[in-house]
Amino acid sequence: MELSSSYKPEEIEKKWYKYWEDTGYFHADVNDDKEPYSIVIPPPNVTGNLHVGHALNNTLQDILSRWQRMKGKSVLWMPGTDHAGIATQNVVERLLAKEGKTKYDLGRVEFEKKVWEWKEHSGNQIYDQLKRLGSSLDWERERFTLDAGLSKAVRRVFVSLYNENLIYQGYRIINWCPRCETALSDIETEFKELDGNLWHIKYSIKGNDEFLVVATTRPETMLGDTGVAINPDDERHKHLIGKTAILPLMNREIPIFGDSYVDMEFGTGFVKVTPAHDPNDFEMGKRHSLEEIIVMDENAVINENGGAYRGLDRYEARKKIIADLESAGLLVKTEKHVHSVGHCYRCSSVVEPYLSKQWFVKIKPIADEAIKVVEDGRIRFVPKNWEKTYFEWMYNIRDWCISRQLWWGHRIPAFYCDDCGHITVSMEDPKVCEKCASDKIRQDEDVLDTWFSSALWPFSTMGWPDETSELKKYYPTSVLVTGFDIIFFWVARMIMTGVKFMNEIPFRDVYIHALVRDEHGQKMSKSKGNVIDPLIMMDKYGSDAFRFTLAAFAAQGRDIMLSEKRIEGYSSFCNKIWNATRFILMNLGGDFELKEIDLEKLEVFDKWILNTLNDTIKKINESLEQYKFNEAAGMIYDFWWHEFCDWYLELVKQRIYAKESNLAESSNIAKQVLCHVLKKGLLLMHPFMPFITEEIWSRIKSKEEKDIIISGWPVFTENLIFSEESNYTNIFKEMIYKIRNIRGEMNIPPDKKAPVVFKTSNELLKQIIETETVHIQALAKVDSITIDPEYAPDKTDSSAVMPDLEIFVPLKGLIDIAKEIQRIEKEIAKIKSDLDKVTSKLSNDNFRKNAPQEIIEKESTKEKEYIEILGKLEESLLNIKE
RNA sequence: GGGUGGUUAGCUCAGUUGGUUAGAGCGCCUGCUCGACACGCAGGAGGUCACUGGUUCGACUCCAGUAUCACCCACCA
């Protein structure tokens, strides 16, 4: 079959994905007897669209999956999505809003139905996008966090933690998003530094003409003030402790008390205390038995406890309160003040600290074991420094608020009894109160934090709490691949639930990759206009080029700024591979079939390329084992382009096209090697570029051979190590480089073949020159070649120097003397500076005393070479200048 | 207030135990329709490896500090 002269990814990508899927290659068979290798996908939100971060994340997982599959493992890469409570509810609420409706118009049951409908129709778009990328996920095992099975796992975990008193209800200050109308956990609140004001407000003191001045950034909360605090050691103010202040605007009498929490250095030394709207004030309130007055409703609108301000939004109330205080002469001053303000991680609204009853997980006891498994190395973070981040958070972990006032999610399985107040928590929905048997029970309205269910992902997806064969075979998973942004949200919690409920770590390695900045990311990408849409990139350059770029960028670090130019570059690489294949196929002949390479007949360059390939195989394996995707990608690239195409293919041409008998005879072994290297090269590349490799493979494989996706991964073999030939070839290449340099620099036209004189008496060099005459002629565009140890150069010769060798290109009328002088002087300058470095090292006694012998020898050799080369260069220079 | 990471060629980025001629892609310059590829070939220019000091025979690589840009954590009203 003829190949077109350029590679067109769009024509083949869809075909192959469908083929792989239909053939069942992605499916992991629990009953096979292969060694298991498993990864669970970080489940994208059902609302998700493939962004470049997903693309990176899944490309890396796919590389690992395909690599291990080729190595003969039983690979399970588990797909699925997350119901993403807040995010998804928001999406559907927005859709309703377009129809002028709210969720309350539908009611809970109808609304939930609506979300499911939406999920069936518009959700899971990301699946097609993942397929587009080539992700070899086991789609027969697709999971969703709200599936019956996973929901059972969630309930089981809730019930058992509740029974152990590790889940409890508490009346506390939590982070409340007034837009999403739900509680959030601490890590769902993002703090940002904002410019604000510090308002200084006068409170009068009962039975006294004195005033005290409090400073606040949130004056609207004063409506709920129930005390004023002073540091008991504060000499300025402590005489007021025990007195009563009059809260302005509300005219409420509130106690003045001492509490060491107050920082004497900050503000005025007086702190207004609002126990229902500030976590610190809440604590102080508890210590001093203050009243807790909630002054806002769930939308952050002032409620009936806010007197005249009732019905105002928190910021309108703030404005009005400031204005009223000012007109009453109670506003002492307004200072600019930068402070950090919590925002909802889903909608970016300013979060309100809010007193309410919520469910919490008492997490410390579970965290301890999870810390241990990382400390003792049972779980390994790669790169290791993320362990520190993990430990830091785990050591200071605080109880986890898990209840959300949403309708989309796992409903909390707690049932309140209206008669006796008992709470029944059980696996099955109870009909009656388990304590008093009353049937007046009702289920808690709240749902669980989305992350509660994703915390169970590695085992819930495999069927836990049932004892399934999946769990037996594939748990613990081999590696988790994710970004550092969800180490707390997800990774830490999976480790905790894993060790708690499975008595076993959820994964052996955690590979943390960099974050790709996208349009929601940093201003950097925005201002530079570097927003990259994976789907557009795949359309333009093909999935393979895009994947390869991501892999090449996947060095450790925190940010990746992808550049489209780079993707374009790798699409050229695809084309290069395509054309190299085309060349090989053209020359193999239609009926060529490689059985096994005839080692006896290998020639020197054959051995060299096989040695280089062998080396590359070894290094790629080492890199992948350490998750160094960029290194592996770089080595493949370099091998294919700069070794195989630039050199081997060019060298082979002489043999293949030769009419003379000795070279023509060697063309058969060359074809064997071409075919062998092509195949191994494709195999090595398949995890990175699955589509083009399968396409080419399908055109060259024999009938008996399997598809590349399940073909064996290349292995390093001792009998293909050829160091002598490798050295030989390197010297040969160096000669070619030298001559080409002269040609290039002297602007010798390509059609003008030049004669070359090699001046040497080194036997190996002579042998190389004599043996490879044809190749030197072809690759360096040379006609006559002479070896003359006694050659006396003409002043019109252009020259180059290598250890033990001088190369002369007689140019006669062609030489530009000035240019040649310049060229040699440049060489001399370079060598001189190198020589200086070496000489100063070698003349240093301490160096000779302390440096390892091999380094000293190396430097000495270098020095000798440099001196020799320098001498010859200077000689040439003199000769020309004469 | 703590902590982490970056600062290497015009741009985007590599560079694991300290000893390399400091690399790649793109861009740039010169010359090429040479029997796979102009998505190409050959040659070339371009770097005081942020700065300062230290350790060392030797530092892009280790240590300390400075500058600068990011990010994470934290209950300063």
Side-chain angles (χ1 to χ4, degrees), chain A residues 3 5-7 173 187 191 198 214-218 221 229 261-263 265-268 270-274 278-283 337 339-340 353 385-386 388-389 392-393 396 484-485 487-488 515 522 524 528 530 549 552-553 555-587 626 628 630-631 634 637-638 645-646 649-650 653 657 737 740-751 778-781 830-831 833-834 837 841 844-852 854-856 858-859 862:
Chain A
L3 268 60
S5 66
S6 67
Y7 174 58
I173 299 273
I187 52 178
F191 284 89
L198 195 56
V214 300
T216 181
T217 54
R218 294 190 299 151
T221 62
Y261 162 76
V262 179
D263 178 358
E265 308 295 315
F266 188 87
T268 60
F270 292 103
V271 176
K272 60 185 274 311
V273 180
T274 321
D278 182 281
N280 297 308
D281 292 7
F282 178 76
E283 293 302 322
H337 180 66
H339 60 145
S340 75
N385 53 315
W386 290 109
K388 192 171 178 188
T389 308
E392 210 52 45
W393 190 68
N396 302 306
F484 60 81
D485 53 330
I487 290 179
F488 306 148
L515 250 44
Q522 309 314 306
M524 251 179 79
K528 291 188 177 175
N530 274 341
T549 312
F553 263 99
Q556 81 176 59
R558 301 205 149 200
D559 292 356
I560 290 179
M561 282 297 305
L562 260 191
S563 72
E564 188 172 339
K565 279 286 173 197
R566 189 82 177 251
I567 305 171
E568 201 185 327
Y570 287 121
S571 75
S572 301
F573 179 45
C574 292
N575 192 54
K576 185 79 181 173
I577 291 161
W578 186 258
N579 276 290
T581 305
R582 202 157 71 98
F583 169 77
I584 294 167
L585 291 184
M586 276 171 154
N587 290 295
Q626 298 170 69
K628 293 185 174 172
N630 61 318
E631 277 188 11
Y637 183 89
D638 198 56
C645 291
D646 285 354
L649 291 190
E650 293 305 320
K653 281 178 183 173
Y657 296 136
Y737 283 133
R740 282 174 175 176
N741 176 270
I742 291 173
R743 296 189 60 103
E745 292 283 282
M746 289 295 108
N747 280 327
I748 302 172
D751 53 337
L779 296 187
K781 306 265 196 295
K830 174 89 179 84
I831 289 282
S833 96
D834 289 345
K837 275 186 223 161
K841 258 186 209 176
N844 184 334
D845 287 344
N846 285 324
F847 174 75
R848 291 187 175 279
K849 218 183 311 170
N850 297 316
E854 69 177 87
I855 297 290
I856 296 175
K858 206 168 136 193
E859 295 293 318
K862 269 204 286 191

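Computed from a predicted model, the values in this text were never measured in an experiment. Chain letters run A, B, ... following the sequence lines, proteins first and then strands; every chain starts at 1.
Residue contacts for N280(A): at a heavy-atom cut-off of 4.0 Å it reaches a base atom on one of the strands shown. At the heavy-atom level, R566(A) lies under 4.0 Å from base atoms of the strands shown. Among the atoms of the strands shown, none is found under 4.0 Å from any heavy atom of F191(A). Across all strands, S571(A) comes closer than 4.0 Å to base atoms (heavy-atom distances). Y261(A) comes within 4.0 angstrom of a nucleotide base, judged by non-hydrogen atoms across all strands. N741(A) comes within contact range of the sugar-phosphate backbone alone, with a heavy-atom separation under 4.0 Å but no base atom that close. At a threshold of 4.0 angstrom between heavy atoms, the contacts of P353(A) with the nucleic acid are absent.
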Polar-atom pairs under 3.5 Å, protein N or O versus N or O of nucleotides 31-34 of chain B: list them with distances, or write none.
none

Distances for protein N/O vs nucleotides 35-38 of chain B N/O pairs under 3.5 angstrom?
from, atom 1, to, atom 2, distance (Å)
rA36(B), OP1, K653(A), NZ, 3.3
rA36(B), OP2, Y657(A), OH, 2.9
rA36(B), O3', R582(A), NH2, 3.2
rA36(B), O2', N579(A), OD1, 2.7
rA36(B), O2', R582(A), NE, 3.3
rA36(B), O2', R582(A), NH2, 2.7
rA36(B), N7, K653(A), NZ, 3.3
rA36(B), N6, E650(A), OE2, 3.0
rA36(B), N3, N579(A), O, 3.3
rA36(B), N3, A580(A), N, 3.3
rC37(B), O4', N579(A), OD1, 3.1
rC37(B), O2', N575(A), ND2, 3.2
rC37(B), O2, K576(A), NZ, 3.2
rC37(B), N3, K576(A), NZ, 2.8

Pairs under 3.5 angstrom, nitrogen or oxygen only, protein versus nucleotides 60-64 of chain B, please.
none

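Among the nucleotides rA77(B), rU20(B), rG43(B), the one closest to any side-chain atom of K841(A) is rU20(B). The side chain of T216(A) has rA77(B) as its nearest neighbour among rG43(B), rG19(B), rA77(B).
When all heavy atoms of F191(A) and S340(A) are compared, the closest pair comes out as CD2-OG, 3.8 Å. Nearest heavy-atom pair, Y570(A) versus T549(A), reported as atom, atom and distance to 0.1 Å: CD1-OG1, 3.4 Å. In plain terms, the two heavy atoms of K272(A) and R218(A) that are nearest each other are NZ-O, 4.3 Å. Annotation for A215(A) and T268(A): closest pair N-OG1, 4.0 Å, computed over non-hydrogen atoms. When all heavy atoms of N579(A) and S6(A) are compared, the closest pair comes out as ND2-CA, 4.5 Å. Considering all non-hydrogen atoms of both residues, I856(A) and A851(A) come closest at CD1-O, 3.6 Å.
Taking atom P in both rA42(B) and rC63(B), one finds a spacing of 41 Å when rounded to whole Å. Spacing of P atoms, rC11(B) relative to rA67(B), comes out at 25 Å, to the nearest Å. rC39(B) and rC34(B) have their P atoms separated by 15 Å, given to the nearest Å. Atom C1' of rA9(B) sits at a distance of 12 Å from the matching atom of rC28(B), rounded to the whole Å. Atom P of rG58(B) sits at a distance of 16 Å from the matching atom of rG53(B), rounded to the whole Å. A gap of 27 Å separates the C1' atoms of rA14(B) and rG3(B), to the nearest Å. Nucleotides rC29(B) and rA70(B) have their P atoms positioned 34 Å apart, rounded to a whole Å. Rounded to the nearest Å, the gap between the P atom of rG31(B) and that of rU17(B) is 43 Å.
Residues E392(A) and N396(A) meet the side-chain proximity criterion, which asks for heavy atoms closer than 4.5 Å. The shortest side-chain heavy-atom distance between I173(A) and E283(A) does not fall under the 4.5 Å cut-off. When side chains are defined from C-beta on, N280(A) counts as touching Y261(A), because their heavy atoms get closer than 4.5 Å. In this structure the side chain of L198(A) reaches within 4.5 angstrom of the side chain of F266(A), judged on heavy atoms.
T221(A) pairs in a side chain to side chain contact (heavy atoms under 4.5 Å, CB included) with only one of the listed residues (T274(A), D278(A), D281(A)), which is T274(A).
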Starting from the C-alpha separation in whole Å, work towards a yes-or-no answer on side-chain contact (heavy atoms from CB on, under 4.5 Å) for F847(A) and I855(A). CA-CA 10 Å; F847(A) 174 75; I855(A) 297 290; 4.0 Å; yes
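Here rC26(B) presents its P atom at 12 Å from CZ of F573(A), a figure rounded to the nearest Å. Taking atom CH2 of residue W386(A) and atom C1' of nucleotide rG5(B), one finds them 8 Å apart after rounding to whole Å. Across the protein-nucleic acid pair, F847(A) atom CZ and rG19(B) atom P stand 12 Å apart, rounded to whole Å. Distance, R218(A) CZ to rC76(B) P: 12 Å, rounded to whole Å. Rounded to whole Å, the distance from CD on E564(A) to P on rC26(B) is 14 Å. Nucleotide rG10(B) holds its C1' atom 14 Å from the NZ atom of K565(A), rounded to whole Å. Rounded to whole Å, the distance from NZ on K858(A) to C1' on rU21(B) is 11 Å. One atom, CH2 of W393(A), and another, C1' of rC73(B), lie 11 Å apart when rounded to the nearest Å.
Base pairing of rG35(B): no nucleotide in any strand meets the Watson-Crick or G-U wobble criterion (both distances under 3.5 Å). Both distances falling under 3.5 Å, in either a Watson-Crick or a G-U wobble arrangement, place rU52(B) opposite rA64(B). With a cut-off of 3.5 Å on both Watson-Crick or G-U wobble distances, the partner of rG43(B) is given as rC29(B). Base pairing analysis places rA24(B) opposite rU12(B); the two distances defining the Watson-Crick or G-U wobble pair are each below 3.5 Å. The base-pairing partner of rA59(B), taking Watson-Crick or G-U wobble contacts with both distances under 3.5 Å, does not exist among the strands shown. Checking rG5(B) for Watson-Crick or G-U wobble geometry (two distances, each under 3.5 Å) identifies rC69(B) as its partner.
Comparing Y570(A) and G744(A) against RNA chain B, the residue whose closest nucleotide sits nearer the 5' end is Y570(A). Where A215(A) and S572(A) each meet RNA chain B at their nearest nucleotide, the meeting point lying more 5' is that of S572(A).
The backbone N or O of G634(A) sits nowhere less than 3.5 Å from a side-chain atom of D638(A) that would complete a donor-acceptor pair. For N575(A) (side chain) and S571(A) (main-chain N/O), no donor-acceptor pair under 3.5 Å exists by modelled atom type.
Figure legend: K653(A) and F583(A) shown as a cation-pi pair, the cationic atom lying under 6.0 angstrom from the six-membered ring centre and within 45 degrees of its axis.
Within the 4.0 Å cut-off from OP1 or OP2 of rA77(B), at least one side-chain nitrogen or oxygen of H337(A) is found. Not one side-chain nitrogen or oxygen of K388(A) sits closer than 4.0 Å to the OP1 or OP2 atom of rG3(B).
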